[in-house]
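Down below is the structure, laid out as structure tokens.
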Amino acid sequence: MIGPRGSRRVAALRDALQAQGAAEARLLAYETLLAEPSMLETAAEGCTQVKLESPGEAPALHAALVRSGWESEGAAGPPPGVVVHGELAWQHYWFAGFARLLEAVPSRLPYLNAPRDLLAMSDKFDCQQRLLRAGANIPALFGTVESYDALRGRIRESGCERVFLKSRYGSCGAGVLAYARHADGREVAYGSAQLEGGRVFNSLRQRRYSRNDEIARLVDALAAQGAYAEQWIPKPRTPGLSGERFDARIVAFDGRARQRVARSSAGALSNLHLGNRRGPLHDWLGDASMAAATDIVERAARAFTRSRMIGFDLIVRGTRCWLLEANGFGDLLPGLLHEGRTTYEDQAASHA
């Protein structure tokens, strides 16, 4: 495994391997790999599987990837400043640094998810276009957004006045805004991002913005790191929970839909780390809708033929589905079972 030092994801897979009686996984820290990407070939000698874990939740690693990305982009201007806890900054440089690393590692190892697939899924805008080319139904894409004025232009061009502004290189709902413009010129935006002294921070509480100047500053700050706009698809109402709506996370393993969960929220964002609740997806959807969701996930998984494990987020209304995201690190769902196994136990069982 390649992961950050102290990663809870690494610990979860190691625990699953131990429970299955499989050999203990070797760990190569991203921090070490950054210094010499070619060493992965030697470290992985004799391994039947190599897993590139999420590089998240590791501030020092994030800073190193940002610095590497800044250098690979030409090192123009002063180097990126220090990112404090909870801050969303330099995401475009982070992606450039991550891309630089994944393009440097050996390509012929037996990866759980291939580096190029992980890179494709880490660019959310390119990933959505790839899913569209593969025949998956996605929310309408309105292009990249470089500023608040550009967002307003995209809305005028599309005729759609309810959009999601998404961070191109973000994760876990970071930098996502649900934006609506009314005919009388009023605007409203919802999200977990907040501005403090011109810097963007992620909050665990969803916020509502209604002042035009505040929305403009926030959009400008997010767009500077890479953003795009897509159609805001209304989520279905959560059965028995007044005022809440839900979407779904379904994990595909070896091309088959496995662990699945509903994510219910009273706000626009349904990410579970924001305090939203899990729900029984099949019970809330019913057989026909669940079959439609399973079908689109398994078809979408075929767009990444070199990846065994992918988490998909989607909205299901009746038998119509919209894919919101493919996540090559989408297996962090503690305790969620399918046929008695968690996502990590699926991975461990394939090597027992």
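Both backbone and side-chain heavy atoms feed into the values below; hydrogens, waters and symmetry mates do not. The structure presented is a predicted model; accordingly, all values stated were derived computationally and were not measured.
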Q. Is any side-chain heavy atom of Pro236 closer than 4.5 Å to a side-chain heavy atom of Val316?
A. no
Q: Kindly say whether Arg308 contributes a backbone atom to a donor-acceptor pair with the side chain of Asn113 at under 3.5 angstrom?
A: yes
Q) Less than 4.0 Å between a side-chain N and a carboxylate O, is that true for Arg100 and Glu71? A) yes
Q. For Met290, does its backbone N or O pair with a side-chain atom of Thr294 as donor and acceptor, under 3.5 Å?
A. yes
Q) Is the shortest heavy-atom distance from the side chain of Arg116 to the side chain of Arg306 under 4.5 Å? A) yes
Q: For the pair Tyr30 and Leu52, evaluate side chain to side chain contact (heavy atoms under 4.5 Å, CB included) and give the outcome as yes or no after the intermediate values.
A: CA-CA 9 Å; Tyr30 271 119; Leu52 289 154; 3.8 Å; yes
(Q) With a 4.5 Å cut-off on side-chain heavy-atom distances among I, L, V, M, F, W and Y, is there a chain of contacts connecting Leu17 to Leu337? (A) no
Q) Cluster question for you: counting only ILVMFWY and a side-chain heavy-atom cut-off of under 4.5 Å, with indirect links fine, are Leu323 and Tyr228 together? A) yes
Q: Show your working on side chain to side chain donor-acceptor pair (under 3.5 Å) between Glu345 and Thr343 and close with a plain yes or no.
A: CA-CA 5 Å; Glu345 288 166 348; Thr343 57; over 6 Å; no
Q) Roughly how far, to the nearest 0.5 Å, is the OG atom of Ser307 from the CG atom of Leu112? A) 7.5 Å
Q.
Treating Asn137 as the side-chain partner and Cys321 as the backbone partner, does any N or O pair qualify as donor plus acceptor under 3.5 Å?
A. yes
Q.
Strictly below 4.0 Å, N to O, side chains only: are Glu53 and Arg8 in salt-bridge contact?
A. no
Q: State whether the side chain of Glu187 and the backbone N or O of Ile215 hold a donor-acceptor pair below 3.5 Å, judged by distance alone.
A: no
Q: State whether the side chain of Ser68 and the backbone N or O of Leu65 hold a donor-acceptor pair below 3.5 Å, judged by distance alone.
A: no
Q: Can you label the angle between the Tyr169 ring and the Phe95 ring as parallel, tilted or perpendicular, going by 30° and 60°?
A: parallel
Q) With a 4.5 Å heavy-atom cut-off, do Ile233 and Phe164 have their side chains touching? A) no
Q: Using a 4.5 Å cut-off on heavy atoms from C-beta on, say whether the side chain of Cys160 contacts that of Ile155.
A: no
Q) Does Glu244 come within less than 4.0 Å of Arg237, counting only side-chain N to carboxylate O? A) no
Q.
If we count only N and O atoms by modelled type, under 3.5 Å, do the side chains of Asp247 and Ser270 hold a donor and an acceptor together?
A. yes
**Q.** Main-chain N/O of Ala43 paired with Arg26 side-chain donor or acceptor, under 3.5 Å
**A.** yes
Q. Any idea which heavy atoms bring Glu87 and Val82 closest together, and the distance?
A. OE1-O, 4.0 Å
(Q) Does either side chain, that of Asn276 or that of Ser265, offer a donor lying less than 3.5 Å from an acceptor on the other one? (A) yes
Q: Evaluate the side-chain proximity of Arg249 to Arg260: yes if any heavy-atom separation is below 4.5 Å, no if none is.
A: no
Q) Do the side chains of Ile315 and Leu241 join up, straight or via other hydrophobic residues, at under 4.5 Å, putting them in one cluster? A) no
**Q.** Option among Met309, His338, Gln259 that satisfies the side-chain contact (heavy atoms from CB on, under 4.5 Å) test with Asp346
**A.** Gln259
Q.
Hydrophobic clustering (ILVMFWY, side-chain heavy atoms < 4.5 Å, transitive) - are Phe125 and Leu151 grouped together?
A. no
Q | Side chain Arg208, main chain Tyr190, donor-acceptor under 3.5 Å | A | no
Q | 4.5 Å side-chain heavy-atom contact, Arg217 and Asp213 | A | yes
Q | Set of side chain to side chain contact (heavy atoms under 4.5 Å, CB included) partners for Ser147, sequence neighbours left out | A | Asp149, Ala150, Asp220
Q: Look only at the side chain of Glu57 and the backbone of Ser7, and say whether a donor-acceptor pair between them is shorter than 3.5 Å.
A: no
Q: Indicate whether any N or O donor in one side chain lies under 3.5 Å from an N or O acceptor in the other, for Gln347 and Asp331.
A: yes
(Q) List the residues meeting side chain to side chain donor-acceptor pair (under 3.5 Å) with Asp126, not counting sequence neighbours, and say none if there are none. (A) Gln129, Arg168
Q.
Tell me whether Arg258 is salt-bridged to Glu339, with the criterion being a basic N under 4.0 Å from an acidic carboxylate O.
A. yes
Q: May I ask you to decide whether Asp117 forms a salt bridge with Arg130, counting only side-chain N to carboxylate O separations under 4.0 Å?
A: yes
Q. Does some side-chain heavy atom of Ile296 sit less than 4.5 Å from a side-chain heavy atom of Leu314?
A. yes
Q) Would you say the side-chain atoms of Arg278 pair up with the backbone N or O of Ala262, donor to acceptor, closer than 3.5 Å? A) no
**Q.** Arg277 versus Ser264, side-chain donor and acceptor atoms under 3.5 Å
**A.** no
(Q) Is a donor from one side chain sitting under 3.5 angstrom from an acceptor on the other, for Glu196 and Gln194? (A) yes
Q: Give the ring-plane orientation class for His62 versus Trp94, where under 30° counts as parallel, over 60° as perpendicular and anything between as tilted.
A: parallel
**Q.** Salt-bridge present (Asp184, Arg186; N to O < 4.0 Å)
**A.** yes
Q.
Between Glu161 and Arg181 (salt bridge meaning N to carboxylate O under 4.0 Å), is one present in this structure?
A. yes
Q. Quick one: do Phe329 and Leu119 end up in the same hydrophobic cluster if we chain Ile, Leu, Val, Met, Phe, Trp and Tyr together by side-chain heavy atoms under 4.5 Å apart?
A. yes
Q. Between the side chain of Gln225 and the main-chain N/O of Gln91, is any donor-acceptor distance below 3.5 Å?
A. yes
**Q.** Student check: side-chain heavy atoms of Pro59 and Val83 closer than 4.5 Å
**A.** no
